[in-house]
There are 2 protein chains.
Amino acid sequence: MAPSNIPDIVVGRLPIYLRTLAHIARGGQEVTSSYEMGEHLGISPAQIRKDLSHFGEFGKQGTGYNIEYLREQLRRILGVKQEWDVALIGAGAVGKAILRYDGFRGSGFRITAVFDNDPNKIGCKISQLDVIPAERMTSTIQQMGIRVTMLAIPAENAQRVAERLVEAGVEAILNYAPINVIVPPHVYVQHLDPVVALQHMTYYIAPKPTQALNPIISALDPREIGSDNIVHL
Amino acid sequence: MAPSNIPDIVVGRLPIYLRTLAHIARGGQEVTSSYEMGEHLGISPAQIRKDLSHFGEFGKQGTGYNIEYLREQLRRILGVKQEWDVALIGAGAVGKAILRYDGFRGSGFRITAVFDNDPNKIGCKISQLDVIPAERMTSTIQQMGIRVTMLAIPAENAQRVAERLVEAGVEAILNYAPINVIVPPHVYVQHLDPVVALQHMTYYIAPKPTQALNPIISALDPREIGSDNIVHL
DNA sequence: TAGATTGTTAATCGATTAACAATC
DNA sequence: TAGATTGTTAATCGATTAACAATC
C-alpha cells in the first residue's frame, strides 16, 4: 500500500483532520488544540499530536495550532495545494450526483471529464460537462494527463474498465462500484460502499424482537427476489 | 465504539468478505478458500481465517469454505438476515442517487421513507417513495420503528438533524455530509466522504512537474473561487 | 509567573503473521 | 494415500496511550 515510512493508517487520518479544521475555522476560530480536535473526532489528543509529529512540528506549546497554518501544511502533505483534474467514469444516477456534489470545492479536486457508454447520454451536458463516449476514454485521459478518477459504473464492468484506466496511466481510482477491483501496486484504489458501512453498523445494533425488520423472501439468493414480492415502494 | 469483545477492525472486514463471496459465487463456484479470498482482497489468508475464527468454525480442512454457507453465517453475524427499514434524510442529488442505487438489493436494507425540507420536493415521488416533510420526520421514524438512517443533507444541518434522529430512536447513521457528527455512544455513525478518500490517495501519488495540476486561484478560501475563473468545460 | 499545550519517549496494548498439527 | 487447507498458537510487528520535560 505505501511507498513511505509513514503508517497508512496515519495518512488516512490526515484528510479527516483537514476536514475538522475547516469545520472549526468556520466558527471564526483561529487557533485550536489537539484536545479540541479530538473532541470533534472521538480521537485522543495524544494520537493527533503523534500523527502530526510524523511530518513536522506545527504547533506552539501552551497555545495549540494555528488553524490556517496547519491546514496549509496538511494540504501540502496530502498533495492538494493545487487542484487535480479528475475524470468521472459513468454518468448514471451516482455519476450525476457526484457531478452535482459541491463538496469538492476547495478540496483539491475538480471533475474535468465525464465518460459513458450509453449513446443517449453522449454529448449531453451535465453540470457544464459534455459526456464523452467510452471509446475516447483512454485517449482523452492521456491527452489531459489525468491521474485521478472516480468509477461510478455497474460492478460487472468495474474490473475491466479499471484495467483500461491503469493502461491509460491513471494512478488513483475512487471506486463506487460494490466490487474489489484488482490493480497493480503503483495504483491506489479506495472503495466507497454504503452497504459495507451499513452492515458494519448493524453488527452492533443486533435485531431486537420489537423492531422494524422484514423477512427476506429468499435468504439464499436475495437477488432472485421478484419485484412483486418485495416492493421497493 | 464496540460493546463487544471482537475488535471493531475485524467486524469492519466482515461486510467486505461478504461482498467478495457474492462476487466469487457469481462465477458459479460453490467453494472457496482463504487463499482465493485473500487474492481478491489483497489480504493475507491467515488474517481472513483468524477473523472468521472469532465467530466460529465455518470451513473444512483440505476443502475450504462452502460459499453459500459462509455467506449465511456472515449475514447472521452482521444482522442482515432480515431487511432493515432505512430512512433517507435529504432528497437532493445525493439522496436521489441513493434512492436509485440498486446495490442495496439483497444487502439487508431497503429505503422505506424519504424526508426533505424543501417545499418543492414534498409530496414528489422518487423511486415510488413520497417525499415527506421534515416536520414529520421524528413521528414517522418512531411510528415505523426505524433504527437505521442515511443522512444526505448539507453539512451545516447535519449535526442538528443527527441529534433529532437520535431523539427519535435512531441507532445507526450513514453520514454523507462532509462533517463529523457527534452522537451518544449507543449510536453508530459511519462517514462516506469522497474527498477524504481522494486526499488519502493523492498523498501517495505526489504531484510531478509534468502533470495535470491547476493552480488554485485563492488558496485561503477556495469556496470564493468564481465560476468565471474555473471553467467546468 | 502560572497555566496550558506541545512534541516525544517509553510502556502498553492490540493486530498481524508465520508456522503447524489436525483433518478432510 | 497424498495434497490441500483449516483453526489456532506463539512470535512478531505495529499502533496507541500515558506521562512529562520543554516552553509558549
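Bear in mind that the values here come from a model prediction, so they are computed numbers and not experimental data. When reading the values below, keep in mind they use all heavy atoms of this one structure, side chains included, and skip hydrogens, waters and symmetry mates. Proteins come first, then strands; the chains are lettered A, B, ... in the order of their sequence lines, and each starts at number 1.
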Rounded to whole Å, how long is the line connecting atom [atom1] of [X] with atom [atom2] of [N]?
X     : N      : atom1 : atom2 : result
B/I67 : D/dT6  : CD1   : P     : 12 Å
B/I9  : C/dT16 : CD1   : C1'   : 10 Å
B/I48 : D/dT6  : CD1   : P     : 9 Å
A/D8  : C/dT16 : CG    : C1'   : 15 Å
B/H54 : C/dA15 : NE2   : C1'   : 9 Å
A/Q47 : D/dA15 : CD    : C1'   : 8 Å
B/Y35 : D/dG3  : OH    : P     : 16 Å
B/N66 : D/dT6  : CG    : P     : 13 Å

Test of understanding: with side chain to side chain donor-acceptor pair (under 3.5 Å), list the residues that count as partners of [X], not counting sequence neighbours.
X      : value
A/T32  : A/E36
A/E163 : A/Q159
B/Q61  : none
B/S34  : B/R49

Check ring pair (Phe, Tyr, Trp, His ring centres under 6.0 Å) between A/Y17 and all other residues, then give those that pass, not counting sequence neighbours. none

Taking the nucleotide of DNA chain D with the nearest heavy atom to each, does A/K60 or A/I43 sit closer to the 5' end? A/I43

Under-4.0 Å side-chain N/O to phosphate OP1/OP2 contact, A/Y65 with C/dA4: no

Within the structure, does a side-chain N or O atom of A/T63 lie under 4.0 Å from either OP1 or OP2 of C/dT6? no

Any pair counted as salt bridge (Lys or Arg N to Asp or Glu O under 4.0 Å), so long as it reaches residues 179-202 of chain A, sequence neighbours left out: A/D193-B/R19

Closest non-hydrogen atom pair between B/G95 and B/L88, with its separation: O-CD2, 3.4 Å

Between N or O atoms, less than 3.5 Å apart, protein on one side and nucleotides 21-23 of chain C on the other: list the pairs.
from, atom 1, to, atom 2, distance (Å)
C/dT23, O4', B/Q61, NE2, 3.4

For DNA chain C, what dot-bracket results from Watson-Crick or G-U pairs at under 3.5 Å, with [ ] for crossers and | for inter-strand partners? ..||||||||||||||||||||||

Taken in chain and number order and not counting sequence neighbours, the residues that satisfy side chain to side chain contact (heavy atoms under 4.5 Å, CB included) with B/A158 are B/L151, B/A177, B/I179, B/V181

Residues that B/N157 engages under side chain to side chain contact (heavy atoms under 4.5 Å, CB included), provided they are two or more places apart: B/I153, B/P154, B/R160, B/V161

For residues 34-68 of chain B, which residue pairs qualify under ring-ring contact (aromatic ring centres under 6.0 Å, His included), counting only residues two or more places apart or in two chains? B/H23-B/H40

Given protein heavy atoms under 4.0 Å, the one-letter contact record of nucleotides 8-14 of chain D, with B base, S sugar-phosphate only and - none, is simply BB-----

Output yes when B/E167 and B/R164 qualify as a salt bridge under the 4.0 Å nitrogen-oxygen rule, no when they do not. no

